[in-house]
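Below is one structure, written out as structure tokens; the observations come after it.
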Amino acid sequence: MADIRMTDFAEFTSLLSSEENLILNSTKDFVNKEVMPIIDDAFMDARFPDELVPKVGAMGFLGAPLDGYGCPGLNYVSYGLINMMLEAGDSALRSFNSVQSSLVMFPLHSFGSDAQKTKFLPKLATGEMIGCFGLTEPDHGSNPAGMVTYAKKTDKGFVLNGAKMWITNGSVADLAIVWAKCEGVSEGKNNICAFVVEKNTPGFSTRLMTQKHSLRASITSELIFEDCLIPHENLLPGSTVGLKAALMCLNSARLGIAWGAIGAAMACYQTALDYSLTRVQFHDKPIASHQLIQKDLVDMLTEITKAQFLTLQITRLKEQGKVKPEHISMVKRNNVAMALGISRTARAILGANGISSEYPVMRHMCNLESVITYEGTDNVHILTLGKYITGISAF
Ligand SMILES: Cc1cc2nc3c(=O)[nH]c(=O)nc-3n(C[C@H](O)[C@H](O)[C@H](O)COP(=O)(O)OP(=O)(O)OC[C@H]3O[C@@H](n4cnc5c(N)ncnc54)[C@H](O)[C@@H]3O)c2cc1C
């Protein structure tokens, strides 16, 4: 499988600092050396390549934009660039990083007690510990406010009952950040707050979800809570503002996903370009000489370039404290749909070879079918932006 490369038609990298360019290039080199040789087999075997976890920890990718407690303290553009190059390798690796960094380390960092931060963050930053984030339930996906998982406060601790579904890293996680309704504790509108549930807590079990055509190199699981007793000190104290806290985590993750999708799109575009220059059909000419193929390549490069600049600008707004959730909705929605479209076109350009695991395009295409659904479906981001523009909620 060919190495991943940076697509840089309009000198996007000239807008990055030297440190950001260094991070971009070192992540690319890491993916080419450590990920590309194993990722296709991992996908075909439905195996999470957990041997990469300490390596991504050592590279300083985990919790990249967080400060203190052993976290790397990079800026958000660097976090984005890391995600872009990880997903050029495979969405599973970027998903692992998004969950660990934005959905586990971020809530601990933002809403946790000092004791919780000290206990968990340094080990999550090195990859010694893995975390997962349980929000979605079997009957509540796009509308998490309807969740039925419930924590009852007792003298001994919180008794948790319910189930979460489609949870990335679930079965391999040392700890789960679990969102539940908890009357009398949460001040938020929907009584929702978050708890740290550690592996081996009695009443907590996980079930691996195996029937997947997408994100096959990622672990996806159910989390089951049956009278699961959680110590009082495992409530995240800052999470009692309700669903608002969960949405802050999702916003951080969604920005990383927007960057990641550009990486998947670059990998598909480069593969299609290379292939079209060498594949000969009709009149001894490469298929790249045909106008219809050239149009496809031009459309791909144009969309990738537009996404790079928009996403960089929105991430700079994030760094300046000016970003709105709707900005992030726009890039998450646009970039994932853009990448999915490019992966499908690339698949077609490769003809029958497009379905072969010798090339990465079908793998990216299948992965992106999950990426367009999780962290707010395409429709949910349309409704978020529609409400912002018109002032009318269509949810
Ligand atoms: C591989 C994978 C990993 C995941 N990892 C995690 C994780 O780590 N943690 C976690 O908590 N969750 C995770 N999820 C769950 C994911 O966030 C949900 O699947 C997502 O929120 C959508 O929920 P749903 O699947 O229940 O779809 P539904 O909410 O049932 O939606 C079904 C369809 O209806 C549409 N729809 C719903 N409401 C409206 C509306 N008002 N208007 C128009 N259309 C609407 C949706 O856009 C969608 O097309 C993961 C999912 C996948 C596939």
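Order of appearance sets the numbers: ligands from 1, and atoms from 1 within every ligand. Given the structure is predicted, the values throughout are model-derived calculations rather than measurements. Every heavy atom of this structure was used, including side-chain atoms; hydrogens, water molecules and symmetry mates were not.
- In terms of polar-atom proximity, Thr377 is counted as a contact of ligand 1, with an N or O under 3.5 Å from an N or O of the ligand.
- Near Leu383, the atoms of ligand 1 lying under 4.0 angstrom from a non-hydrogen atom of the residue are 40 (C), 41 (N), 42 (N).
- When hydrogens are left out, the protein atom nearest atom 28 (P) of ligand 1 is Ser142 OG, 3.7 Å; that is the closest non-hydrogen contact.
- Cation-pi geometry between Lys318 and Tyr76 is satisfied (NZ or CZ under 6.0 Å from the ring centre, within 45° of the ring normal).
- Residue Thr168 places at least one N or O, backbone or side chain, under 3.5 Å from an N or O of ligand 1.
- Listed by number with element, the atoms of ligand 1 under 4.0 angstrom from any heavy atom of Leu135 are 11 (O).
- Two residues are said to be in side-chain contact when any heavy atoms from C-beta on lie closer than 4.5 Å; Leu52 and Leu93 meet this criterion.
- A tilted orientation is assigned to the rings of Phe48 and Phe96, their planes being inclined by 30° to 60°.
- Within the 4.0 Å cut-off (strictly below), a protein heavy atom is located near atom 5 (N) of ligand 1.
- Within a 4.0 Å radius of atom 1 (C) of ligand 1, the protein contributes at least one heavy atom.
- When the options Cys132, Gly141, Gly146 are ranked by their closest heavy atom to atom 26 (O) of ligand 1, first place goes to Gly141.
- At a distance under 4.0 Å, a protein heavy atom can be found next to atom 44 (N) of ligand 1.
- Heavy-atom distances between Ile167 and ligand 1 reach below 4.0 Å in at least one pair.
- The parts of Thr136 lying near ligand 1 are both backbone and side chain, judged by heavy-atom distances below 4.0 Å.
- Between Tyr69 and His109, the ring-plane angle classifies as perpendicular under the 30° and 60° cut-offs.
- Remark: ligand 1 and Phe133 share an N or O pair separated by less than 3.5 Å (distance only, no angle test).
- Close contacts of ligand 1 with Leu215, meaning ligand atoms under 4.0 Å from a residue heavy atom, involve 1 (C).
- With respect to Arg344 and Asp296, no salt bridge is recorded, no charged nitrogen being found less than 4.0 Å from a carboxylate O.
- The CZ atom of Arg347 sits 8.0 Å away from the CG atom of Leu350 when rounded to the nearest 0.5 Å.
- Considering both main-chain and side-chain atoms, Ser370 never comes within under 3.5 Å of ligand 1 through any nitrogen or oxygen pair.
- Regarding atom 25 (O) of ligand 1, its nearest protein heavy-atom neighbour is Thr373 CG2, 4.4 Å.
- Test Met6, Glu303, Gln313 against Gln308 for side chain to side chain contact (heavy atoms under 4.5 Å, CB included) and you get one pass: Met6.
- For Glu375, every heavy-atom contact with ligand 1 shorter than 4.0 Å involves the backbone, none the side chain.
- Between Arg333 and Glu326 there is no salt bridge, since no side-chain nitrogen of the basic residue lies less than 4.0 Å from a carboxylate oxygen of the acidic one.
- Looking only at side-chain heavy atoms (C-beta outward), Leu66 and Tyr79 stay at 4.5 Å or farther from each other.
- Within the model, atoms OG1 of Thr13 and CG of Asp8 stand 3.5 Å from one another, a figure rounded to the nearest 0.5 Å.
- Among Tyr374, Trp166, Phe395, the residue whose heavy atom lies closest to atom 7 (C) of ligand 1 is Trp166.
- The side-chain heavy atoms of Leu235 and Cys193, taken from C-beta on, include a pair separated by under 4.5 Å.
- Taking a distance limit of 4.0 Å, we find that atom 33 (C) of ligand 1 is approached by no protein heavy atom.
- In the model, Ser221 has no side-chain atom that pairs as donor or acceptor with a side-chain atom of Trp166 under 3.5 Å.
- When only non-hydrogen protein atoms are considered, atom 49 (O) of ligand 1 lies nearest to Asn379 ND2, 4.4 Å.
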